[in-house]
Amino acid sequence: MARYNAKESEARWQEAWSTRGVFAAVNQSALPKCYVLEMFPYPSGRIHMGHARNYTMGDVIARFKRAQGFNVLHPMGWDAFGLPAENAAREKGVHPREWTYANIAAMREQLKAMGLAIDWSREFATCDPEYYARQQKLFLDFFRMGLVYRAEADVNWDPVDSTVLANEQVIEGRGWRSGAIVERRKLSQWFFRITQFADDLLTGLDSLERWPEKVRLMQKNWIGRSEGLRFSFALKDAPEPGVEVFSTRPDTLFGASFVALSPDHPLTEQLAARDAKLAAFVAECHRGGTAEETIETAEKMGYNTGLRATHPLDPNWQLPVYVANFVLMAYGTGAIFGCPAHDQRDLDFARKYRLPVLPVVIPDDADTKSFTIGTEAYVGSGHLANSRFLDGLDVDAAKNEVAKRLEAAGTGARTVHYRLRDWLVSRQRYWGCPIPIVHCGMCGMVPVPERNLPLKLPDEVRFDLPGNPLENHPAWKHVKCPVCGGAATRETDTFDTFVDSSWYFARFTDSHADAPVNPDAARYWMPVDQYIGGVEHAVLHLLYARFFTRAMAKAGDIAVQEPFAGLFTQGMVCHETYRDADGEWLLPEDVEKRDGQAFRRGSDAPVAVGPSEKMSKSKKNVVAPEGIIDAFGADTIRWFMLSDTPPERDVEWTQEGAEGCWRFVQRIHRLVTEAGALPPPGAKPAQDCGGADLELRRATHRAVAAVTEDLAALRFNRAVAQIYTLANALSASGPVDGAVKREALEVLVLLIGPMMPHLAETCWEALGHKTLVATAHWPVANKGLVTSDTLVIAVQVNGKRRGEIEIARAAQEEEVKASALALDSVQRALEGKTPRRVIVVPGRIVNVVA
RNA sequence: GCCCCCGUGGCGGAAUCGGUAGACGCGGCAGACUCAAAAUCUGUUGCCUUCACGGGCGUGCUGGUUCAAGUCCGGCCGGGGGCACCA
């Protein structure tokens, strides 16, 4: 019998699916809907193993849901703006547009070769003017709604990519893409008012039951809500009326020993103007940049301004006012009161500058008089002491009491602060969506009229000059003001590409709508039922998309608040690393293994094998999906991606594993093509079969039940194991009734359908079907065949397994007990002792306690 | 420093309602087929012990709860991730 020819089969079935339009989603249907989406790719030019894994998982879900009777939307598009296109323009002299669209064309072919069940009619790229025109419209709507503003602020500047970055894009003080140490600059930039939704974004997390706990936690921490009290210290003999501070621990107010201002606080600046030493201190704080100081957890430094602050609860109590390097202007009010006994930073500071350390919260099991603070602040619970009218209260009660008094006095207010900052969206780059604003000397910031959208990028730009090509363009930015007609200039910044990806999922519901979204289509399809992508977007894309969805809901574009009802974050694809004797990295294809030793291919030069790490160009531990598809076919790579490793974990790509998958592809094909004569399609097995027939039927229906459950729960690796079990049962079954065998084979083919769709179609055809697996119904397990009448249960003596009994499922406890005790092995283990107790857990276990 | 997750054979991993630990795959070993190889098939594969039957030990370590613990609780050790002066 001929071997399975993956190449031929895959091309053929891809063609068949395409011409019959099997995967087209319709925007109106009596069927229940299911929107399956994987994070769309950046068009780098070729797909990598991470794409292969991500899109295989999504495809399995899409096909599985379709077979289960859902109207499935499974689209694909391109996150097509971004810096690599500009870099290519600079290095290769090719226009970013050409480079991008050529890459898209190449990647589209590769994705199609994976056999993905995608509705390609909905495809778009974010750099299509038809798409970014709608994004500009959304921006203008947000602008009018007050969700967008331009402001001068301390921002993150990436000196390598020559652009600003959002806070979320700074990882350990470095730009997320360039890896350059980020500098702080004061610049005028565009912001989305994401903080307006801070509380809603936080509470909304509770409703996302089908999100990984980890991602919800990361977002929660990123939003960083803290409740506290905002209140003022009056200053003695000072130019300012007072210093406003924020504290989550107002209960410790009687333990205060200083007030500290941020080096960037307005009062600091005011004082520094007249105090050269202070000015030098501030400069010292700024040196080293934001990144280094966090990494080195810089030593606490302070400068005593000489000012005295009056304690808000005691007009006769004066505290020194410092400027301190650890106080951040961007959080709270940029000023704090220090209570060294109960805050580690304050304690470090107080010890250094010899300030009082007075404990005011005493652990409930400690003695007030003898409780002292050493080098560690006490941050736990307890009762108040040394705090006048607060003495004896617990922490919460004391917080309330202080808040009540300061509110009554009109000097304090309970407030909530967030760590989350507004989203900085402007970038000083060419290859992005232009921000549709005109700056007019007379009229200020004027929106580009909607009839003039899209505001297109100019084609003729130079990449050989430093800075923003739009800024350097001779003519583009010079326009007449849409309001007064006077000379004006365009905004030359473009949007962060994360803006593009913040609403594309809504656009897919009707990719060709005139408005940003077609409300009917969005109402039908949204939210995305299952979203799949890498965890690296936990606080980037996934937070921005949640904000955008809320903003769009407010603007009336969309009816949901949350874009993604279900989220799955898949692990990375890793590979061993190889180095030659000179320490140079080697590609896996240049390495071969003989007798457990690695050598340079075709030579005896030894190769050092390093640990499995995320595939990366720099370490050359990459295997291209193309080559695998070429050698073994798409089904093999798909099967590999689903096998063995749970989908949320990192998987290691191995040649042996891929070959094992290929063998299984062939084995399934053989099982079907070498099955011998079978009754025609539609033949039903007899209801009352027994022996080998019954055994195979049971294996068949158990597989249906198990695979259905595992796929629904995204446990692909377990589904794969179940399918191996069924294949093994088929191989092991002796001569069986033809209808029984047909049933088993058909089920096997239907079950692999979502995972190895091409192989499934070829086998389905070989079984005599004229229809497609892609349009077939998912099999339903016969419950009576999933469980058997008898079962084998273990018998323990004193908790140790000593034997097993086969017994009727319906057997009564006494019967089970009797047959357990009748076992020789049990009697031997009892050594003549009389059982004190026999525990029978029906259907599970018997434990004889002696 | 704070927060979160995870430690199971040579490897990836099953078993998560406390109830037969190691399903399924990879790799290994032995055999069949073959002139030979590839492909395929069969058997075997946690460790120790025994000719064998069997027995003992085993889920990072250590205590505990329980008739019964990979699973629950306490304390350690190790690995990974997130946030990092957030008041």
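Only this structure's heavy atoms are used, side chains among them; waters, hydrogens and symmetry mates stay out. Lettering follows sequence order; numbering is per chain, from 1. Being a predicted model, the structure only gives us computed values, none of them experimental.
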Check the angle between the aromatic planes of A:Tyr322 and A:Tyr353 and answer parallel, tilted or perpendicular using the 30° and 60° thresholds.
-> tilted
Which of parallel (below 30°), tilted (30 to 60°) and perpendicular (above 60°) describes A:His417 and A:Tyr331?
-> tilted
Could you identify the nucleotide paired to [N], looking across every strand shown and requiring Watson-Crick or G-U wobble geometry with both distances under 3.5 Å?
{"N": "B:G25", "result": "B:C11"}
{"N": "B:U40", "result": "B:A32"}
{"N": "B:C57", "result": "B:G46"}
{"N": "B:U65", "result": "none"}
{"N": "B:G1", "result": "B:C83"}
{"N": "B:U71", "result": "none"}

Nearest whole Å is fine: how far is [N] [atom2] from [X] [atom1]?
{"X": "A:Phe349", "N": "B:A87", "atom1": "CZ", "atom2": "P", "value": "18 Å"}
{"X": "A:Phe231", "N": "B:A87", "atom1": "CZ", "atom2": "C1'", "value": "10 Å"}
{"X": "A:Lys833", "N": "B:C67", "atom1": "NZ", "atom2": "P", "value": "17 Å"}
{"X": "A:Met329", "N": "B:A87", "atom1": "CE", "atom2": "C1'", "value": "13 Å"}
{"X": "A:Phe640", "N": "B:C11", "atom1": "CZ", "atom2": "C1'", "value": "12 Å"}

Under 3.5 Å: donor-acceptor pair, side chain of A:Asp635, backbone of A:Ala6 = no
Phosphate-side-chain proximity, [X] and [N], N/O vs OP1/OP2 below 4.0 Å:
{"X": "A:Arg345", "N": "B:C86", "result": "yes"}
{"X": "A:Arg649", "N": "B:G13", "result": "yes"}
{"X": "A:Arg225", "N": "B:C86", "result": "no"}
{"X": "A:Arg249", "N": "B:A87", "result": "no"}

In terms of the nearest nucleotide of RNA chain B, which residue is placed more toward the 5' end: A:Glu652 or A:Leu217?
->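 By nearest-heavy-atom nucleotide position, the 5'-most residue is A:Leu217.
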By nearest atom, which of the nucleotides [options] is closest to the [X] side chain?
{"X": "A:Ile845", "options": "B:G13, B:U20, B:A87", "result": "B:U20"}
{"X": "A:Arg844", "options": "B:C17, B:A68, B:C4", "result": "B:C17"}
{"X": "A:Arg828", "options": "B:A87, B:C67, B:G55", "result": "B:G55"}

Picking from A:Phe349, A:Tyr303, A:Phe337, A:Phe233, what satisfies ring-ring contact (aromatic ring centres under 6.0 Å, His included) with A:Phe258?
->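 For A:Phe258, the ring-ring contact (aromatic ring centres under 6.0 Å, His included) test succeeds with only one of A:Phe349, A:Tyr303, A:Phe337, A:Phe233, which is A:Phe349.
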With sugar-phosphate meaning primed atoms plus P, OP1 and OP2, does [X] contact a base, only sugar-phosphate, or nothing at under 4.0 Å between heavy atoms?
{"X": "A:Arg670", "value": "sugar-phosphate"}
{"X": "A:Val792", "value": "base"}
{"X": "A:Arg802", "value": "sugar-phosphate"}

Heavy atoms under 4.0 Å is the rule here; annotate nucleotides 23-33 of chain B 5' to 3' with B where the base is hit, S where only the sugar-phosphate is, and - elsewhere.
-> BSSSS------
May I ask you to say whether A:Glu244 pairs ionically with A:Arg230, meaning some side-chain N is under 4.0 Å from a carboxylate O?
->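 Counted as a salt bridge, because a side-chain N and a carboxylate O are separated by less than 4.0 Å.
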